[in-house]
2 protein chains.
Amino acid sequence: MAGAGGGAGGGVAGARYRRLAADLREAIASGAYGSGGRLPSEEELAQKYGVSRGTVRQALAVLRANGLVTSRRGSRRVVLGTARTQSFFELLSFTRWARSIGEEPGGRTVDVEHRLAGPLECELLGLLAGSQIYRVLRLRTLSRVPIMIERTIYPERIGAMIVRLEPDAVSHTEPLAEQGVVFADAEHTVDLVYADAEDARLLGCAEGGPLIRERRRATDPAGTPLEWSEDRYLPGTVSFTVHNSVAMTALSRRRG
Amino acid sequence: MAGAGGGAGGGVAGARYRRLAADLREAIASGAYGSGGRLPSEEELAQKYGVSRGTVRQALAVLRANGLVTSRRGSRRVVLGTARTQSFFELLSFTRWARSIGEEPGGRTVDVEHRLAGPLECELLGLLAGSQIYRVLRLRTLSRVPIMIERTIYPERIGAMIVRLEPDAVSHTEPLAEQGVVFADAEHTVDLVYADAEDARLLGCAEGGPLIRERRRATDPAGTPLEWSEDRYLPGTVSFTVHNSVAMTALSRRRG
DNA sequence: TCGGGGAAGTTGGCTGTACAACTCGAGCAA
DNA sequence: TTGCTCGAGTTGTACAGCCAACTTCCCCGA
């Protein structure tokens, strides 16, 4: 961001700084600079790739935010690690995540409701009182083993697309994307809860047993809520990782 | 990032874009633009604050990364919410966090070891075999109620500073900062574990009871590890929240 | 051998300019 | 009323140049 200046034009097929970032990411992952090694200077990279220093800085800002490299005024950038941060979609979509770790995702829709939104649900999805919502309950599997139970509410428009899908459709977010529903932002909260009777029955754990809960609210580029979901994972099946830095923070810790 | 150009001179007392970002954050929090409202255009903000558009974009990039506003090409920015994301230090330091939520932090050092680093510990802190480490075990309280147990290992240099502090010193990171130890990056992983005998005794929970675990590795601006810590929270005392977007992702989900 | 001074190198911050891609509403036509 | 086109407005991407603040390292003197 904040590339101030202008020039030759937006991306022909994708912004140049993104391609540069991808290039550097790959180079780092392949160990070209070693762990703890020093990157070339911005000027050198600019000349090597035939772009301006501003563009190089945009690319490096991406890597910086992802925790791949440090940066200090006066000193060359240092490789922190090959922390392969996952894309936005791999965090949003169970299916994308499962595939990215080489597992086979599965899903079974257990229950669907179409009804009037309660006050809380209106608040969560930013709806007016009296709006309709869809509520979907799904059991998610990794290599056919139940891992997670997902309770999602959708506003009318989105839910209508969802219910048209087959009950055992693996992915819900991908068909939505194909129909022009664009996910852009999400807020996730992770904590610990205890299994109720339904959780226990579907996941095959003891009632009252501990589960990792992830609550999520996703919006489109305009800020309109697209879904609100509460996911509950069996212990030991998942962990959540975040990188943050003085320069860039997105995570917070809250009183439970 | 990527402000390309140059100009009038670095910050006199702090970068201008940071002050601008703070200003806008406050304005948003005070509801000046409303939730879902539209921000002024970059050009308008630039004129209003007497800075260039590039600087405005740097400020807005910060808000964007914090999930306060959206941004799409062609449309004005929209206020997403007043999500008060906490600073890097409030996630790194229990003390800072406790104060930020208006609670009284407390701590009691239970045990300190000074010994040879094992192979795993060398790996975690990036040390050579044969290095010395300090291992500190602390019980953390919120308003005198035990909340969390903290097992931290420090490299020789840092640990030597730590052990000079009083056993019931509230904060460890703040004295370090005063002695010139600068924290710059951290990686946090959150999952679920079961209490062992020591956890149960100190936290007053049942052995085998569920706990939220946060593992953390913090480094200085040069990428040198400063501490590695494993914290275990009682259920219901804490939750972790992250905002991510297509443009900026820092969180990832991992197979447990 | 040790320490200080200084110069070169590097990143952070800021401005200005230019063009491309996209949104959105006004206005017009069917 | 509906649907379309068009243009003004807005953000995204990119380049060029400048100065400040900081790190690093060489070199020289004690």
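Since we're looking at a predicted model, the values are computed, not measured. Proteins get letters first, then strands, A, B, ... in listed order; numbering begins at 1 in each.
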Take atom [atom1] of [X] and atom [atom2] of [N], then tell me their distance rounded to the nearest Å.
| X | N | atom1 | atom2 | result |
| --- | --- | --- | --- | --- |
| Gln58(B) | dT13(D) | CD | C1' | 15 Å |
| Arg16(A) | dG12(D) | CZ | P | 18 Å |
| Tyr49(B) | dG13(C) | OH | P | 19 Å |

#### Entry: salt bridge (charged side-chain N to carboxylate O under 4.0 Å, His left out) partners for Glu121(A), two or more places apart
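Glu121(A) satisfies salt bridge (charged side-chain N to carboxylate O under 4.0 Å, His left out) with Arg115(A) once adjacent residues are dropped.
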### Query
Excluding sequence neighbours, so at least two apart, what forms salt bridge (charged side-chain N to carboxylate O under 4.0 Å, His left out) with Arg96(A)?
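By the salt bridge (charged side-chain N to carboxylate O under 4.0 Å, His left out) rule, Arg96(A) matches no residue at all.
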### Message
If the condition is side-chain contact (heavy atoms from CB on, under 4.5 Å), which residues does Ala27(B) pass it with, not counting sequence neighbours?
### Response
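Scan of Ala27(B) (side-chain contact (heavy atoms from CB on, under 4.5 Å), adjacent residues dropped) gives Ala32(B), Tyr33(B).
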### Query
For Thr55(B) and dG13(C), is the shortest distance between a side-chain N/O and OP1 or OP2 below 4.0 Å?
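For dG13(C), neither OP1 nor OP2 has a side-chain N or O of Thr55(B) closer than 4.0 Å.
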#### Entry: Tyr134(A): partners by ring pair (Phe, Tyr, Trp, His ring centres under 6.0 Å), with sequence neighbours left out
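For Tyr134(A) the ring pair (Phe, Tyr, Trp, His ring centres under 6.0 Å) partners, ignoring immediate neighbours, are His114(A).
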### Message
If you assign each of Arg38(A) and Val56(A) to its closest nucleotide in DNA chain D, which residue comes earlier from the 5' end?
### Response
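Its nearest nucleotide lies further toward 5', so the answer is Val56(A).
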### Query
Between Ser71(B) and Arg64(B), is any side-chain donor less than 3.5 angstrom from a side-chain acceptor?
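Looking only at side-chain atoms, Arg64(B) and Ser71(B) do form a donor-acceptor pair, the distance falling under 3.5 Å.
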### Message
Going by the rule side-chain hydrogen bond (donor to acceptor under 3.5 Å, both in side chains), which residues pair with Glu43(B) if we only count those two or more places apart in sequence or in a different chain?
### Response
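Partners of Glu43(B) under the side-chain hydrogen bond (donor to acceptor under 3.5 Å, both in side chains) test: none.
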### Query
For nucleotides 3-11 of chain C, read 5' to 3', which letter fits each nucleotide if B means a protein heavy atom sits under 4.0 Å from the base, S means only the sugar-phosphate is that close, and - means neither?
------BBB
